[in-house]
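Single-structure report; data block below.
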Amino acid sequence: MVSQATRAPERMFARRISNALREAAAGLGAPDAGVRLDRPKDPAHGDLASNLALTLASRLRRRPRDIALDLRERLDGIEGVERIEVAGPGFLNFFLDSATVGGTLRRILATRGGYGGSRDGGGRRIMVEFVSANPTGPLHLGHGRQAALGDVIARLLEWSGWRVHREFYFNDAGRQILRLAESVRARYQQLLGHDEPIPDGGYHGEYVREIAGAFLECEGRRYEQERGEAALEAMRGFAVNELRKEQERDLAEFRVEFDEYYPESSLHSDGRVAETVRALDETGLTYHRDGAHWLQTTRFGDQKDRVMVRSDGSATYFLPDVAYHMSKWERGFHEVVNVQGSDHHGTVDRVRAGLQALGRPAGYPEYVLHQMVTVERGGEEVRFSKRAGSYTTLAELVAEVGADVARYFFLMRRPEAHLVFDLDLALDQSDKNPVYKIKYAHARLCRLSRLARRRGWDGMEGPDAPEADASLLAAPAERELINRLGEFPGFLRRAARGRAPHVVCDYLERTAGLVNSWYQAGHPTRSPELAALVEGDEPLRNARLTLAVAARTVLANGLAVLGIEAPQRMVRSE
RNA sequence: GUCCCCGUAGCUCAGAUGGAUAGAGCGACUGCCUCCUAAGCAGUAGGCCCCAGGUUCGAGUCCUGGCGGGGACACCA
């Protein structure tokens with residue numbers, strides 16, 4: 001729980017106003033009215049607004065506007081409220097006095113790097129599983145989006161008081177891996193001058209040749225005549241290892257790290273898969289038909305029953321998936337978010353059904369399914385990889401636009417919306433590019449504090465900074481910015497609960513716009529009286545510098561949530 | 001055929017629990033630098049919120065049915 005001193009002032013007032021409204025409604029003959037307060041979009045509609053009169057209209061059989069006027073009569077002298085207006089069809093708009101609004105600044109300055117966080121999670125554990133690419137090639141753009149989404153959902157959860165475990169699951173045992181090994185063998189033989197084609201369904205990317213080359217360098221020609229299991233196994237292990245290392249390197253460049261890499265093969269070797277079959281058989285929900293071993297997943301809402309073990313004795317993907325999620329549960333993760341491409345959506349119902357058969361709750365695990373990514377340059381779709389065949393790799397993209405821009409662009413759209421990555425915009429270093437817009441706003445605010453100190457004025461930072469009189473910040477641009485800063489924790493909470501990083505992007509972009517407006521409004525030539533570094537009026541200057549520090553804190557915290565750097569100063573690069 | 005997602009400005013997209021004249025960026029146009037970074041700001045133009053019903057005092061938002069786009073539906077991997 002947040003302490004009384006740092007609680008959002010508007011929330012305290014919201015409760016006070018709600019109570020007064022409820023009482024007033026009772027006075028009009030409508031006890032137990034559901035009272036709601038909103039923060040209006042338009043600042044002309046006050047700091048808080050209520051639609052109570054509109055909701056009471058049908059119940060009281062009176063015109064909403066008349067009810068609103070009556071309600072206002074009954075609401076006098078609420079502490080901290082400057083005035084109440086009746087507007088539009090019957091809204092009640094509350095204007096808080098400026099000393100009250102200033103409480104927001106005190107709260108930001110008091111919590112600084114922690115401002116925006118909450119205790120939603122209460123210290124409970126939660127797992128975010130994401131990327132989970134098969135080690136059959138380099139990471140492509142879909143993985144990039146997933147890496148950014150998963151990492152930032154994890155950060156949002158950390159900010160919300162959860163203990164987060166980041167996990168990467170990889171299939172190192174299936175048929176795809178066999179094709180990979182065979183492809184490496186073909187390239188290996190080709191390098192030795194033999195004519196061996198890539199098998200059907202194999203991998204043609206240039207990277208396979210590179211792996212074969214590296215293998216040749218390590219092992220020499222000893223597998224030239226060897227056609228059996230041992231050679232294939234050696235190449236499989238080598239290739240998986242190489243590709244995993246490369247993926248980890250690419251992810252590190254992208255500033256994404258995992259607590260655990262979980263190999264599918266271990267589910268077989270440690271008996272979990274067999275154990276899962278046994279446990280499912282015990283439920284009586286399995287049966288044999290056409291030589292295969294089935295589970296009645298339809299009992300739990302799946303569209304059709306699923307095969308667990310094929311007639312040839314091999315497990316389908318479904319089975320290890322269930323075993324894997326049982327492992328998550330048994331490791332203590334009763335809250336799990338899986339971030340996956342929407343092409344996996346077909347597996348959701350059946351995995352959950354399998355887990356329900358084993359007694360896990362119906363919604364376990366939770367899924368965030370994201371749509372595909374395409375890249376455009378000059379309005380045309382581009383595919384730019386010689387190396388990876390038809391793929392566009394994450395590494396190439398990060399090399400071109402940088403990790404910060406790539407992260408932001410992957411995050412700025414709702415996961416379930418198709419994402420068009422505009423390379424022209426990504427490479428732009430002006431404020432057109434939202435990432436730069438936010439960074440510039442932050443750097444600009446840092447500069448204000450620097451300049452103030454250089455002139456011998458206090459930058460309003462540190463424990464010895466004088467208390468600012470926020471009631472002096474009455475200009476519209478200031479008032480709007482302060483209110484906006486006060487909304488940050490609410491946005492983070494909403495983003496975390498909705499697993500929706502784009503909410504943070506939207507918030508930051510708009511807030512940066514307000515910062516720029518405020519900054520520009522105080523242009524020293526045209527409006528010196530609005531300038532932050534105002535001469536001669538120390539209390540006013542201190543108040544504005546405090547606002548600058550508060551705004552910068554919010555931008556920095558928001559960027560930290562996104563895993564993006566917040567520079568003190570910007571250097572133009574080519 | 002069944003299931004999931006999407007349909008909002010010329011383009012790319014936001015629009016939490018239904019609320020006031022539907023927002024942002026890009027693109028277009030008009031202004032604003034002797035002075036804290038103009039890498040900026042202020043403003044103008046641009047909308048049958050896919051269509052049709054329904055619920056409601058009130059629908060871009062909720063319900064039903066269409067239309068259009070993407071994805072998923074195999075003992076495939």
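By convention in this document, chain letters (A, B, ...) are assigned in the order of the sequence lines, proteins followed by strands, and residues within each chain are numbered from 1. Side chains are part of it too, since the values below use all heavy atoms of this structure and drop only hydrogens, waters and symmetry mates.
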Distance between [atom1] atoms of [N] and [M] (Å, rounded):
| N | M | atom1 | answer |
| --- | --- | --- | --- |
| B:A28 | B:G19 | C1' | 34 Å |
| B:G53 | B:A9 | C1' | 27 Å |
| B:C63 | B:A72 | P | 26 Å |
| B:G47 | B:C35 | P | 40 Å |
| B:C50 | B:U44 | C1' | 29 Å |
| B:A74 | B:U2 | C1' | 15 Å |
| B:C26 | B:C62 | C1' | 33 Å |
| B:G10 | B:A45 | C1' | 12 Å |

Tell me the interatomic distance from [X], atom [atom1], to [N], atom [atom2], rounded to whole angstroms.
| X | N | atom1 | atom2 | result |
| --- | --- | --- | --- | --- |
| A:E509 | B:G40 | CD | C1' | 15 Å |
| A:Q340 | B:C4 | CD | P | 18 Å |
| A:Y408 | B:U12 | OH | P | 18 Å |
| A:L481 | B:C41 | CG | P | 14 Å |
| A:E416 | B:G70 | CD | C1' | 14 Å |
| A:D349 | B:A74 | CG | P | 13 Å |
| A:L425 | B:G25 | CG | P | 12 Å |
| A:Y317 | B:A74 | OH | P | 16 Å |

Does a side-chain N or O from [X] land closer than 4.0 Å to OP1 or OP2 of [N], or not?
| X | N | value |
| --- | --- | --- |
| A:K304 | B:A74 | yes |
| A:R414 | B:C6 | yes |
| A:N516 | B:G40 | no |
| A:S517 | B:A42 | yes |

Going by purine N1 to pyrimidine N3 plus the second Watson-Crick contact, or the G-U wobble pair, all under 3.5 Å, which nucleotide sits opposite [N]?
| N | result |
| --- | --- |
| B:G60 | none |
| B:U34 | none |
| B:C26 | B:G10 |
| B:G1 | B:C73 |

Just to be sure I understand the rule, does [X] reach a base, reach only the sugar-phosphate, or reach nothing, if contact means heavy atoms closer than 4.0 Å?
| X | value |
| --- | --- |
| A:L448 | base |
| A:R497 | nothing |
| A:H502 | sugar-phosphate |
| A:R444 | sugar-phosphate |
| A:A49 | base |

(message) Less than 4.0 angstrom from a charged side-chain N to a carboxylate O is my criterion; do A:R72 and A:E85 meet it?
(response)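 Looking at A:R72 and A:E85, the cut-off is not met.
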(message) Between A:E487 and A:R484, does any NZ, NE, NH1 or NH2 come within less than 4.0 Å of an OD or OE carboxylate oxygen?
(response)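 So A:R484 pairs with A:E487 through a salt bridge.
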Polar side chain donor-acceptor pair, [X] to [Y], under 3.5 angstrom:
| X | Y | result |
| --- | --- | --- |
| A:N338 | A:H344 | no |
| A:R83 | A:N93 | no |
| A:Y408 | A:N433 | no |
| A:D312 | A:S314 | yes |

Of all the choices, [options], which nucleotide is nearest to the side chain of [X] once you look at every atom?
| X | options | result |
| --- | --- | --- |
| A:Q520 | B:C75, B:A38, B:A20 | B:A38 |
| A:L54 | B:C76, B:A20, B:G19 | B:G19 |
| A:R494 | B:A16, B:G25, B:C76 | B:A16 |

(request) Determine if the base of B:C33 is syn or anti; take syn to mean the glycosidic torsion is within 90° of 0. (result)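 Syn.
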(request) Between A:H344 and A:L419, just flag the one whose closest nucleotide in RNA chain B comes earlier from the 5' side. (result)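 Result: A:L419.
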(message) Quick check on RNA chain B: between A:Q371 and A:A512, whose nearest nucleotide comes earlier from the 5' end?
(response)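 Looking at the nearest nucleotide for each, A:Q371 comes out on the 5' side.
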(request) Compare the aromatic ring of A:Y519 with the six-membered base ring of B:G40 and state whether they stack according to the 5.5 Å and 30° rule. (result)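 Per 5.5 Å and 30° rule: no stacking.
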(message) Among residues 288-297 of chain A, which ones have heavy-atom contacts with RNA chain B below 4.0 Å?
(response)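 Hits under 4.0 Å, by residue number: A:D290, A:A292.
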(message) Taking side-chain contact (heavy atoms from CB on, under 4.5 Å) as the criterion, tell me which of A:T286, A:L319, A:L295 meets it with A:V277.
(response)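 When side-chain contact (heavy atoms from CB on, under 4.5 Å) is applied between A:V277 and each of A:T286, A:L319, A:L295, only A:L319 qualifies.
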(message) Between A:F168 and A:F130, is the ring centroid distance below 6.0 Å?
(response)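 Ring centres of A:F130 and A:F168 not closer than 6.0 Å.
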(message) Can you confirm whether or not the ring centre of A:F488 sits under 6.0 Å from the ring centre of A:Y507?
(response)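 Ring centroids of A:F488 and A:Y507 are less than 6.0 Å from each other.
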(request) Could you please spell out the steps behind the salt bridge (charged side-chain N to carboxylate O under 4.0 Å, His left out) verdict for A:R244 and A:D172? (result) CA-CA 10 Å; A:R244 282 281 332 286; A:D172 57 340; over 6 Å; no
(message) Should the side chain of A:S311 and the base of B:C75 be counted as holding a donor-acceptor pair, with the cut-off at 3.5 Å?
(response)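 Under the 3.5 Å cut-off, the side chain and the base do form a donor-acceptor pair.
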